[in-house]
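Here is the structure we will look at.
Since this is a predicted model, take the numbers as computed values, not measurements. Each chain gets a letter, A, B and so on, in the order the sequences are listed, and its residues count up from 1.
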Protein chains: 2
Amino acid sequence: MKKLDINFSEPLNCPVRNVLDRIGDKWSLLILLVLEQEDVLRFNEIHQSIGDISQKMLSVSLKNLEADGLVNRKVYPQIPPKVEYKLTDLGKSLIPFVNALSDWSKQHMDTILKNRTAYKKKL
Amino acid sequence: MKKLDINFSEPLNCPVRNVLDRIGDKWSLLILLVLEQEDVLRFNEIHQSIGDISQKMLSVSLKNLEADGLVNRKVYPQIPPKVEYKLTDLGKSLIPFVNALSDWSKQHMDTILKNRTAYKKKL
DNA sequence: CAGTATCCTACTGGATACTG
DNA sequence: CAGTATCCAGTAGGATACTG
């Protein structure tokens with residue numbers, strides 16, 4: 001058997017797994033991109049920007065992003081409460097790669113969709 | 001409310017969603033990276049390279065990648081059967097972005113893990 | 001060798017209702 | 001306003017056994 005340089009099967013050791021576990025969920029990347037476009041947003045602003053995300057998932061995703069240090073959460077102690085979210089520098093540093101991926105997808109989306117259709121017909 | 005350039009909530013219209021749905025699963029990217037390192041691999045070689053993937057998930061993931069046109073599947077009609085997998089040009093074109101993401105992750109993994117620990121303590 | 005088929009669990013994420 | 005709490009359904013994915 002061929003020996004690989006990277007041991008992909010060791011999740012803790014594997015950068016791909018590490019980045020994907022955070023990024024590969026349904027909403028995190030979307031939230032990062034929304035925050036990048038608007039700089040600072042409140043909870044409900046993100047909620048409405050994304051549209052079809054539930055309050056629960058927005059809350060969970062924001063917590064995860066905050067825990068990883070990708071998003072900053074600033075609470076204004078007032079009533080009614082006001083909370084602002086923005087990207088940290090670490091979060092910002094990830095954006096170019098996400099955009100690169102998004103561009104690749106834009107470029108090849110048509111091809112991929114055609115491939116899928118053709119593949120189904122072959123079956 | 002602020003108006004966003006991209007409508008993220010339209011999955012079919014959203015390149016981020018499109019690329020993520022294929023990429024964000026547990027194994028697809030790993031398979032692409034393994035194939036990139038080894039050029040051509042048979043089913044069981046991929047299986048053993050990744051280590052902890054089940055036969056089922058390898059089969060499913062390979063089918064998806066093949067359907068999208070990212071991986072080529074070549075069958076040698078002989079007994080016992082022999083099937084070779086390799087990246088298509090489309091598949092290869094995705095690799096640099098995956099590697100970029102992987103590099104970012106390598107660079108910041110320690111920071112992120114520390115952030116997570118610190119965040120937990122705050123709770 | 002290269003998969004399928006079947007069963008099963010655990011987690012993701014949605015809907016709804018409630019709260020400081 | 002900015003969330004929690006609770007319940008629930010669908011699915012991703014693992015274990016095992018089997019097949020051409």
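Other residues, nucleotides and ligands contribute at most 12 non-hydrogen atoms within 6.0 Å of the NZ atom of B:K114.
Ranking D:dC1, D:dG3, C:dG3 by closeness to the B:Q55 side chain, first place goes to C:dG3. Set against C:dA2, C:dG14, D:dC1, the side chain of B:P81 has C:dA2 as its closest nucleotide. Residue B:K26 places its side chain closer to D:dG14 than to any other of D:dG14, C:dG3, D:dC1.
We find that CG of B:D21 is positioned 13 Å from P of D:dT11, with the value rounded to whole Å. For A:W27 and C:dG13, the CH2 to P distance is 9 Å, given to the nearest whole Å. For the pair B:I46 CD1 and C:dC1 P, the computed distance is 14 Å after rounding to whole Å. Taking atom CG of A:D52 as the reference point, atom C1' of C:dA15 lies 14 Å away to the nearest angstrom. One can place CD of A:E45 at 12 Å from P of D:dG3, the figure rounded to the nearest angstrom. With rounding to whole Å, B:L58 atom CG is found 14 Å from D:dA15 atom P. Taking atom CG of B:D25 as the reference point, atom P of D:dG10 lies 22 Å away to the nearest angstrom. Distance, A:R73 CZ to D:dA2 P: 10 Å, rounded to whole Å.
One N or O donor and one acceptor, one from the side chain of B:K56 and one from the base of D:dG13, sit under 3.5 Å apart.
A 3.5 Å limit on both hydrogen-bonding distances identifies D:dT6 as the Watson-Crick or G-U partner of C:dA15. Of all nucleotides present, only C:dC1 satisfies the Watson-Crick or G-U wobble test against D:dG20, with each distance under 3.5 Å.
Both A:L29 and B:I112 are part of a single hydrophobic cluster, where members link through side-chain heavy atoms under 4.5 Å apart. Using a 4.5 Å cut-off between side-chain heavy atoms of Ile, Leu, Val, Met, Phe, Trp and Tyr, with links allowed through other members, A:Y119 and B:L94 fall into different hydrophobic clusters.
A heavy-atom distance below 4.5 Å is not found between the side chains of A:L32 and A:I23.
Side-chain N/O atoms of B:R42 include none lying less than 4.0 angstrom from OP1 or OP2 on C:dC1. At C:dA2, none of the side-chain N or O atoms of B:S59 fall inside 4.0 Å of OP1 or OP2 (strictly under the cut-off). Residue A:Y85 has no polar side-chain atom (N or O) positioned under 4.0 Å from OP1 or OP2 of D:dC1.
Taking for each of A:G24 and B:K63 the nucleotide of DNA chain C with the nearest heavy atom, the 5'-most of the two is the partner of B:K63. Heavy-atom nearest nucleotides on DNA chain D were determined for A:V60 and for A:P80, and the one closer to the 5' end corresponds to A:P80.
Evaluated for a side chain to side chain contact (heavy atoms under 4.5 Å, CB included) with B:Y85, the options B:N72, B:L65, B:V40, B:V71 yield exactly one hit, B:V71.
Among the protein residues, A:Y76 comes within range of no part of the nucleic acid, since none of its heavy atoms lies under 4.0 Å from any strand.
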